[in-house]
Amino acid sequence: MIQESLKKQLITENGFNWSCETLKYVGGVDLSFSKNHPSIACASLLVLDFQTLDVVYEDFAIVDLTVPYVPGFLAFREAPVLLELIEKMKKSAISSFPQVLMVDGFGLACHLGVLADLPTIGIGKSLHHVDGLTQTRVKQLLQANEDSSSDIIPLIGDSGSTLGAAMRSSEGSSKPIFISVGHRISLASAIEIVKVSCKYRVPEPIRQPNADIRSKSHLRKHGLS
DNA sequence: GCGACAG
DNA sequence: ATCTTGTCGC
């Protein structure tokens, strides 16, 4: 199976020579779907200056997706076009090529990280039910941890492995975000980077593409939308 | 009681 | 993904 083959190549420890202090460019990828035509999407890759959270690079691609969305197999639908955008930027030798990439979805982050050979962090706005993880279980853990110092709890599956962490990025928010172990990065480092890049609930590298594409497609709603 | 499940 | 509902801030 392709997923198992890729899993063997997954590295869950830091494989980079920079630290949070020297991290300069953090990327984000996302797909935004057309309301009218469900198979048409705008894929985006953008890069933020980690210190200022300003967007320093952006690229888009309009695609017609033929692979359907199947829970657990998101990467087969979304990874190809995202990989294209990454390769294109890499080929262009643009100086702001990201040192780490944020990706929507747990498995997609791992999948894309291995294929692009890039450190990736998975960001989830909702929980992917896998390995015995449930919404209620996470809620209970966060509830129990409410008085404690940390707003971050590890997500440990039935298999005993740590798949990521749930983090309440805004005070009092009942909806946490989910940070997954990606590729070539440790969960601890991933959490640090996400914390710093959170202006709102969703970290900027993931939030910005949505806002940007919105305006872009709104601007060109005459042609495609 | 129904439906649960990244995007 | 998108939609809906609820809460809060403008």
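Proteins get letters first, then strands, A, B, ... in listed order; numbering begins at 1 in each.
A heavy-atom distance below 4.5 Å is not found between the side chains of F106(A) and V130(A). Residues L46(A) and D30(A) have side chains not in contact (no heavy-atom distance under 4.5 Å, counting atoms from C-beta outward). Using a 4.5 Å heavy-atom threshold, the side chains of I86(A) and L112(A) count as touching. Using a 4.5 Å heavy-atom threshold, the side chains of L31(A) and L82(A) count as touching. D59(A) is not listed as a side-chain neighbour of M89(A), based on a closest heavy-atom distance of 4.5 Å or more.
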Please encode protein proximity along nucleotides 2-7 of chain B as a string of B, S and -, counting only heavy-atom distances under 4.0 Å. ---BBB

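One atom, NZ of K175(A), and another, P of dT5(C), lie 13 Å apart when rounded to the nearest Å. In this structure, Y200(A) atom OH and dG9(C) atom C1' are separated by 13 Å, rounded to whole Å.
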